[in-house]
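Here it is, the structure in full.
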Amino acid sequence: MTALIIIIVIIAVLAIWLVSSYNGFITLRNKTEEAYSAMDVSLKKRYDLIPNYVETVKGYAKHEAGTLEKVVSARNMAMSASSPEERLANENVLTGALRSLFAVAEAYPDLKANQNFLQLQEQLQRIEEEIAGSRRYYNGVVNKYNTKAEMFPGNIVAGIFKFRRKPLYEISDEAERENVKVSF
């Protein structure tokens, strides 16, 4: 009789642990999706603002067409990404293209004095700060999720219920880590 009670208690403890661990994974998975969505909202704002910014710069820097085309191309690639991994990679390219555009804008005093340009630049910089914050939050939540999925005994539950590692947002191109160089 005592052995049966011990077995029932062990099974109950294991069931409670399994349910608790599973629910923890669901919570973290939902937080990663929320974090990705928050980043996505900021990125959408940036996508909407970029054409106005590019058009304003075009009027002043006609011979910078290559930089402007790279920004528009990178924006289109990022918007058409079909998976989170592809989206994160394309966002890296867009961020690098925008850094080049900011550097070009710095070289034109008349452009920097234009009120419309200044407002657009301020909005874009605020959005870039939002994006950076949402990327930090996303990476923090994904790190918790991935750690739980890989550490014992959570890796057992992750394996049973197919909770897979999620990608971190990171710069994959070493050239993007370099300072932007502008020469005329």
Side-chain angles (χ1 to χ4, degrees), residues 27-147 166-184:
T27 299
L28 286 173
R29 183 183 67 193
N30 289 343
K31 282 186 175 187
T32 62
E33 290 171 2
E34 174 199 6
Y36 186 81
S37 179
M39 186 170 47
D40 206 33
V41 168
S42 295
L43 294 172
K44 173 71 170 117
K45 287 183 200 176
R46 179 169 71 173
Y47 299 152
D48 293 344
L49 189 60
I50 286 173
N52 296 332
Y53 192 78
V54 167
E55 286 302 315
T56 303
V57 174
K58 263 187 195 177
Y60 285 87
K62 296 194 185 309
H63 63 282
E64 296 295 340
T67 302
L68 299 172
E69 288 171 10
K70 285 180 189 173
V71 170
V72 171
S73 174
R75 173 189 176 261
N76 293 339
M77 282 176 32
M79 287 180 67
S80 65
S82 59
S83 70
E85 292 83 2
E86 184 182 355
R87 179 70 161 279
L88 295 175
N90 290 346
E91 284 303 323
N92 283 334
V93 174
L94 179 56
T95 298
L98 283 174
R99 284 180 41 199
S100 296
L101 184 59
F102 285 146
V104 166
E106 288 295 316
Y108 292 91
D110 290 344
L111 176 60
K112 290 186 340 185
N114 179 292
Q115 199 60 31
N116 289 337
F117 172 77
L118 291 174
Q119 288 173 343
L120 287 169
Q121 186 173 32
E122 184 179 307
Q123 286 177 351
L124 194 53
Q125 286 173 335
R126 265 197 320 268
I127 290 170
E128 289 298 320
E129 289 170 8
E130 280 180 32
I131 292 168
S134 63
R135 286 175 178 161
R136 281 189 299 274
Y137 176 67
Y138 171 80
N139 278 348
V141 173
V142 167
N143 185 43
K144 285 180 185 177
Y145 174 88
N146 289 344
T147 300
K166 297 207 177 277
L168 289 169
Y169 178 83
E170 57 190 2
I171 295 176
S172 55
D173 182 6
E174 285 299 317
E176 290 181 40
R177 296 179 196 268
E178 302 294 321
N179 287 335
V180 177
K181 292 179 181 90
V182 178
S183 60
F184 295 98

Point to revise | Results of side chain to side chain donor-acceptor pair (under 3.5 Å) for S80 - residues two or more places apart only | key: none
Check your understanding: Checking N139 side chain against L168 main chain: does a donor-acceptor pair fall under 3.5 Å?
Key ->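 Not a single qualifying donor-acceptor pair exists.
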Point to revise | Any I131 side-chain heavy atom under 4.5 Å of E91 side chain | key: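 In short, these two side chains do not touch, never coming nearer than 4.5 Å.
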Practice item. Just jot down the salt bridge (charged side-chain N to carboxylate O under 4.0 Å, His left out) partners of E85, sequence neighbours excluded, or say none. Key: none
Point to revise | Any residue meeting side chain to side chain donor-acceptor pair (under 3.5 Å) with R87, in chain and number order, not counting sequence neighbours | key: D40, Y47
**Study point:** Residue pair K144 / T27, side-chain heavy-atom distance below 4.5 Å
**Key:**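 They are not in side-chain contact.
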Review point. Applying salt bridge (Lys or Arg N to Asp or Glu O under 4.0 Å), which residue pairs with at least one partner in residues 72-82 are found, sequence neighbours left out?
Key: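 Salt bridge (Lys or Arg N to Asp or Glu O under 4.0 Å) check on residues 72-82 returns no pairs.
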Check your understanding: Any donor and acceptor pair, going by atom type alone, linking the side chain of N90 with main-chain N or O of A74 inside 3.5 Å?
Key -> no
Check your understanding: If you round to the nearest 0.5 Å, how far is NZ of K166 from CG of L28?
Key ->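 Result: 10.5 Å between the selected atoms.
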Check your understanding: Does the side chain of E33 come within less than 4.5 Å of V141's, by heavy atoms?
Key -> no
Point to revise | Any residue meeting side chain to side chain donor-acceptor pair (under 3.5 Å) with S134, in chain and number order, not counting sequence neighbours | key: none
Review point. Taking the side chain as C-beta and beyond, is there a heavy-atom pair between I50 and M79 under 4.5 Å?
Key: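 No, their side chains stay 4.5 Å or more apart.
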Check your understanding: Which residues satisfy the side chain to side chain donor-acceptor pair (under 3.5 Å) test with E129, sequence neighbours excluded?
Key ->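 Per chain and number, E129 pairs via side chain to side chain donor-acceptor pair (under 3.5 Å) with no residue.
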Review point. What is the minimum heavy-atom distance between L94 and A78, and which atoms define it?
Key: CD2-CB, 4.4 Å
**Study point:** Approximate separation, where rounding is to 0.5 Å, of Y53 OH and R46 CZ
**Key:** 12.5 Å
Point to revise | Heavy-atom side-chain contact between T32 and Y36 under 4.5 Å | key: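 They are not in side-chain contact.
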Point to revise | Min side-chain heavy-atom separation L88-M39 under 4.5 Å | key: yes
**Study point:** salt bridge (charged side-chain N to carboxylate O under 4.0 Å, His left out) between E130 and R126, intermediate numbers included
**Key:** CA-CA 6 Å; E130 280 180 32; R126 265 197 320 268; 5.9 Å; no
Review point. Quick one: are V72 and N76 in side-chain contact, heavy atoms under 4.5 Å?
Key: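 Touching, per the 4.5 Å side-chain cut-off.
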Check your understanding: Any side-chain heavy-atom pair from E86 and M77 closer than 4.5 angstrom?
Key ->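 They are not in side-chain contact.
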